[in-house]
Structure formats: C-alpha cells, structure tokens
Visitor: 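Next up is a structure, given as structure tokens.
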Amino acid sequence: MFGSRENAFKLDKLKPGYTLDLNMKAWEIVEIATYDWKADGSSIEYTLKAKDATIIYLEVEYYKGKYDVCFSKAVAIEEQLLEAAIHDKAITFKGRLFTFEDSYKGAYRNETKGSRWENLTAYVFQNKKDTITIEDWGSSDYDVFFGTRIKAKAIKNIKAGKI
C-alpha cells in the first residue's frame, strides 16, 4: 500500500469518482487514460477536476516498487515554438529555459471513454523539478503540458466518492 493508513488505495489503481487532496485543494478523478510507452513501460493519467472547474492532470508511473508522479496543466504555446523546441532541444516558458531530457514513442487510450489507441511521441523538457511535455500526435497536432514532479506522499485523503 502507499502513503498513510488513511490512503489505503494504490495510486496506480484509482477510478473515476475517487477524490484526493493535492496542494491544499480537493480534486475528483473525472477521466483515466493509459499511455503505453513500449519498452519504456506504461503510465496512468488521471484527469482531475476541482469544484471551481479547474482541470489538472496527474500522471503516475509505477516502476520497481516506486511511484513517479507528475501533476500538470495544459498550456498554450505557438506551434512554431513547439517545432523549434523539438528541433533545438530547448524551450523557454514563462522566462525559464527548459532543456530536452528525453522523447518517448508510444500509444494513448482514454479508458473512461473507451477510445481507440492513438500513436504519439512525447518530448520532455526539464528545468529542475518542473517539466514541459510536448505531445506530438502527427500532422502538426500538439498538446502541451506544464508540470511538476511530486512525491507520492503529497497526495492525501484518497477516497472512493465524489467531492
């Protein structure tokens, strides 16, 4: 099990409708997706919604008995800047330089909606604990996320039930 006795749920096994506290705010899991990174493993992405309608994403990878967790939010960056970042291996966001860490080819499936698997390439850029991830879906179709790596114990009060 993970966390304290009150968190009797495995972080990679949560379901829609579960709630949790993160950064002093209550969140509800509204969608779950799976990333299959082939030889690099897999990860679960929870779409979280707060009462004020704020949406964030919690990506969880469970590897060798430990959780790697990143929470992020979608951000808008011009397509030309994204393509330059992928080519130049660096991107500036909010006045901070993020450098290329790695890229992963894989597939994505929204489990909640039962969607088909879609291929993508994810480019990860780092600046200390913060991350910019550019998801390239092909044909200049990008999603961009600004995130922070956190310790699993930062997630509190996991419960099966709505906010």
Side-chain angles (χ1 to χ4, degrees), residues 2 9-18 20 22-23 27-49 54-155 158:
F2 126 99
F9 299 98
K10 292 186 176 185
L11 197 53
D12 57 332
K13 305 290 184 197
L14 304 179
K15 306 281 184 222
Y18 280 37
L20 55 90
L22 176 62
N23 290 347
W27 301 93
E28 180 181 340
I29 297 172
V30 294
E31 287 186 3
I32 299 175
T34 301
Y35 287 91
D36 180 356
W37 301 114
K38 313 295 183 216
D40 290 318
S42 64
S43 58
I44 303 292
E45 178 184 78
Y46 300 106
T47 302
L48 305 177
K49 187 175 184 180
T54 302
I55 300 285
I56 65 168
Y57 303 90
L58 189 67
E59 188 169 356
V60 177
E61 183 177 348
Y62 187 69
Y63 181 71
K64 293 187 178 182
K66 293 187 178 184
Y67 289 106
D68 181 15
V69 183
C70 182
F71 81 91
S72 62
K73 61 182 177 178
V75 294
I77 300 177
E78 294 177 27
E79 181 181 323
Q80 297 86 352
L81 294 175
L82 300 176
E83 291 172 351
I86 292 167
H87 179 266
D88 299 339
K89 307 288 189 216
I91 187 167
T92 300
F93 180 72
K94 293 188 176 184
R96 296 171 50 206
L97 179 65
F98 289 76
T99 56
F100 179 77
E101 178 184 86
D102 211 342
S103 65
Y104 304 93
K105 288 185 182 267
Y108 166 92
R109 180 175 190 270
N110 185 311
E111 303 293 340
T112 306
K113 294 179 179 177
S115 67
R116 295 181 183 181
W117 286 98
E118 299 177 62
N119 293 322
L120 77 149
T121 302
Y123 299 92
V124 180
F125 298 81
Q126 286 291 132
N127 178 307
K128 299 182 183 175
K129 283 179 29 176
D130 293 332
T131 303
I132 296 284
T133 303
I134 302 170
E135 293 181 347
D136 182 354
W137 300 91
S139 302
S140 297
D141 185 15
Y142 300 101
D143 289 326
V144 185
F145 302 90
F146 171 74
T148 302
R149 294 198 188 287
I150 61 171
K151 295 185 183 285
K153 67 182 179 181
I155 300 166
I158 300 172

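The model shown is predicted, which means the values in this text are computed figures rather than measured ones. For the single chain, residues carry numbers from 1 onward in sequence order. Worth knowing before you read on, the calculation uses all heavy atoms, side chains too, and leaves out hydrogens, waters and symmetry mates.
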Visitor: Any side-chain heavy atom of Y108 sitting closer than 4.5 Å to one from E45?
Guide: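 Contact flag for Y108/E45 side chains = yes.
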Visitor: Do E101 and R149 meet the salt-bridge criterion of a basic N to acidic O distance under 4.0 Å?
Guide: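 Salt bridge flag = yes for E101 with R149.
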Visitor: Could you give the distance from CD1 (I150) to CG (D68), rounded to the nearest 0.5 Å?
Guide: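 Nearest 0.5 Å value for the CD1-CG distance: 10.0 Å.
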Visitor: Would you call the rings of Y67 and Y62 parallel, tilted or perpendicular, taking 30° and 60° as the class edges?
Guide: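 Taking Y62 first and then Y67, their aromatic rings sit tilted (interplane angle of 30° to 60°).
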Visitor: Please determine whether the number of non-hydrogen atoms from other residues, nucleotides or ligands lying under 6.0 Å from atom NZ of K73 exceeds 12.
Guide: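 For K73, atom NZ is not crowded (no more than 12 foreign heavy atoms under 6.0 Å).
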Visitor: Compare every heavy atom of K113 with every heavy atom of E31, then report the nearest pair and how far apart it is.
Guide: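 Here E31 and K113 meet closest at OE2-CE, 3.0 Å.
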Visitor: With rounding to the nearest 0.5 Å, note down the distance linking CG in D143 to CG in L120.
Guide: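 Between D143 CG and L120 CG, I get 9.0 Å after rounding to 0.5 Å.
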Visitor: Please report the interatomic distance CD1(I44) to CD(E59), rounded to the nearest 0.5 Å.
Guide: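 So the gap between those two atoms works out to 9.5 Å.
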Visitor: So F98 and F146, would you call those rings parallel, tilted or perpendicular, with 30° and 60° as cut-offs?
Guide: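 F98 and F146: perpendicular rings.
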Visitor: Ignoring hydrogens and geometry, is there a side-chain-to-backbone donor-acceptor pair from W27 to L22 under 3.5 Å?
Guide: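 Flag set: sc W27 to bb L22 pair under 3.5 Å.
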Visitor: So, taking the atom named CG in N127 and the one named CD1 in I91, what distance separates them when rounded to the nearest 0.5 Å?
Guide: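 One finds 12.0 Å between CG of N127 and CD1 of I91.
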Visitor: Any donor-acceptor pair under 3.5 Å linking the side chain of T133 with the backbone of V124?
Guide: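 A pair under 3.5 Å: no.
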Visitor: Show the numbers, then the answer: is there a side chain to side chain contact (heavy atoms under 4.5 Å, CB included) between L48 and L20?
Guide: CA-CA 9 Å; L48 305 177; L20 55 90; 4.2 Å; yes
Visitor: Looking at S72 and F145, what are the two nearest heavy atoms and their distance?
Guide: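 Closest heavy-atom pair between S72 and F145: OG-CB, 3.8 Å.
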Visitor: Where do N23 and F71 land on the side chain to side chain contact (heavy atoms under 4.5 Å, CB included) test, with the steps shown first?
Guide: CA-CA 10 Å; N23 290 347; F71 81 91; 3.0 Å; yes
Visitor: Looking at R109 and E111, is there a salt bridge between them, counting it only when a charged N and a carboxylate O are closer than 4.0 Å?
Guide: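 Judged by the 4.0 Å cut-off on N to carboxylate O distance, E111 and R109 do form a salt bridge.
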Visitor: Ignoring hydrogens, what is the shortest heavy-atom contact between F125 and A90? Give both atom names and the distance.
Guide: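 Heavy-atom minimum between the residues: CE2-N, 3.6 Å.
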Visitor: Search all heavy atoms of A74 against all heavy atoms of Y57 and return the closest pair with its distance.
Guide: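 In this case the closest contact between A74 and Y57 is N-CE1, 4.1 Å.
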Visitor: Taking all heavy atoms of Y46 and all of V60, pick out the closest pair and write down the distance.
Guide: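 So the minimum-distance heavy-atom pair works out to CE1-CG2, 4.0 Å.
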Visitor: To the nearest 0.5 angstrom, please state how far the OG atom of S42 sits from the OH atom of Y35.
Guide: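 Answer for the OG-OH pair, S42 versus Y35, is 12.5 Å.
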Visitor: Does the N110 side chain pair with the main chain of A33, one donor and one acceptor, at a distance under 3.5 Å?
Guide: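 Flag not set: sc N110 to bb A33 has no pair under 3.5 Å.
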Visitor: Test side chain to side chain contact (heavy atoms under 4.5 Å, CB included) on D88 and F100 and set out the steps.
Guide: CA-CA 9 Å; D88 299 339; F100 179 77; over 6 Å; no
Visitor: Looking at every non-hydrogen atom in both residues, tell me the closest pair between I86 and I134 and how far apart they are.
Guide: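 That would be CD1-CG2, 4.2 Å.
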Visitor: Could you give the distance from CG (D130) to NZ (K94), rounded to the nearest 0.5 Å?
Guide: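 It comes to 9.5 Å.
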Visitor: Check the pair L11 / I158 against side chain to side chain contact (heavy atoms under 4.5 Å, CB included), numbers first and verdict last.
Guide: CA-CA 9 Å; L11 197 53; I158 300 172; 4.1 Å; yes
